[in-house]
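On a predicted model such as this, the values are computed, not experimentally measured, just so you know.
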Amino acid sequence: MQPRRFTVTIADGGRRRLLVPVPFDPDAEWGPKPRHPVRGTVDGARVRGVVESHDGTPGFLLGAAWVRDRPIMVGDQVSVEIEPEGPQRDDLADDIVAALEANPQAARFFDGLAQFYRRAYLRWVDSTKRSPELRQQRIAAMVELLEAGVKDHRAGPQSRAGSSST
């Protein structure tokens with residue numbers, strides 16, 4: 001996915017935070033998700049955040065610690081470049097995509113996870129490359145855990161399906 005570049009006016013995010021409005025629908029652009037973890041820059045300074053709805057406007061917050069060292073205030077116009085963070089559906093192996101598409105609840109949960117958890121699931125499944133049966137067992141266990149709302153595959157007893165290591 002290509003980074004999106006735009007210029008916006010900073011809004012008040014409450015509690016000494018700034019809101020960076022996003023002038024496009026992230027669900028239409030990047031696929032429907034409960035939240036969209038992003039990385040990029042605001043006026044050239046690196047930023048990570050989560051695009052969510054703020055009173056009906058998609059955007060992400062800049063916390064007080066980020067703001068403290070930068071001369072950005074409510075009402076300032078800033079240039080922004082953001083892109084989705086972490087592995088996206090287009091980056092996944094076909095067998096994983098098919099399993100997630102077969103279970104929309106698990107897919108929604110996976111899509112909303114922070115990149116750390118998405119990558120952990122994918123590493124766990126990909127560590128079985130020499131054993132196709134074990135790979136299928138892990139994909140099934142992953143979908144089951146995601147459907148149950150489990151962020152970390154090591155947290156569920158089903159995650160040990162055919163494995164001797166994490």
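Contact between Gln136 and Asp95 at its shortest, heavy atoms only, is NE2-OD2, 3.5 Å. Between Ala99 and Val143, the shortest heavy-atom distance links the atoms CB-CG2, 3.8 Å. Closest non-hydrogen pair, Leu62 versus Val67, comes out as O-CG2, 3.7 Å. The nearest pair of heavy atoms linking Asp91 to Gly86 is OD2-O, 4.2 Å.
Under the side chain to side chain contact (heavy atoms under 4.5 Å, CB included) criterion, Leu61 pairs with Arg17, Leu19, His54, sequence neighbours left out.
Using a 4.5 Å cut-off on side-chain heavy atoms (C-beta onward), Val125 and Arg135 make contact. A 4.5 Å side-chain heavy-atom check between Tyr121 and Val150 finds at least one atom pair inside the cut-off. Between Val38 and Val22, the closest side-chain pair of non-hydrogen atoms is not below 4.5 Å. Pro37 places none of its side-chain heavy atoms less than 4.5 Å from the side chain of Arg48. Taking the side chain as every heavy atom from C-beta outward, Gln77 and Thr9 approach each other to under 4.5 Å. Counting only heavy atoms from C-beta outward, the side chains of Arg118 and Phe110 approach each other to under 4.5 Å. The side-chain heavy atoms of Val50 and Phe60, taken from C-beta on, include no pair separated by under 4.5 Å. For the pair Val8/Val20, a side-chain contact is recorded, criterion being any heavy-atom separation below 4.5 Å from C-beta on.
Residue pairs meeting the side chain to side chain donor-acceptor pair (under 3.5 Å) criterion with at least one partner in residues 21-40, sequence neighbours excluded, are Arg4-Glu29, Asp27-His36, Lys33-Gln88, Arg39-Glu83. Residues in residues 66-76 take part in no side chain to side chain donor-acceptor pair (under 3.5 Å) pair, two or more places apart or across chains.
Between atom OH of residue Tyr117 and atom CG of residue Leu122 there is a gap of 15.0 Å, rounded to the nearest 0.5 Å. With values rounded to the nearest 0.5 angstrom, Asp43 atom CG is found 5.0 Å from Ile72 atom CD1. Glu147 contributes atom CD, which lies 10.0 Å from atom CZ of Arg108 (distance to the nearest 0.5 angstrom). Here CD of Glu144 is found 15.0 Å from NE2 of His153. Values are rounded to the nearest 0.5 Å.
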Problem - Steps toward side chain to side chain contact (heavy atoms under 4.5 Å, CB included) verdict (Asp111, Arg89) - result: CA-CA 8 Å; Asp111 289 339; Arg89 286 283 184 94; 2.9 Å; yes
Problem - Criterion side chain to side chain contact (heavy atoms under 4.5 Å, CB included) on Ser127 and Arg138, from CA distance to verdict - result: CA-CA 10 Å; Ser127 68; Arg138 286 207 184 162; 2.9 Å; yes
Problem - Derivation of the side chain to side chain contact (heavy atoms under 4.5 Å, CB included) call for Phe109 and Lys151 - result: CA-CA 8 Å; Phe109 188 75; Lys151 288 182 181 182; 3.9 Å; yes
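With a 6.0 Å radius and a threshold of 12 heavy atoms from other residues, nucleotides or ligands, Arg119 has its CZ atom above the threshold.
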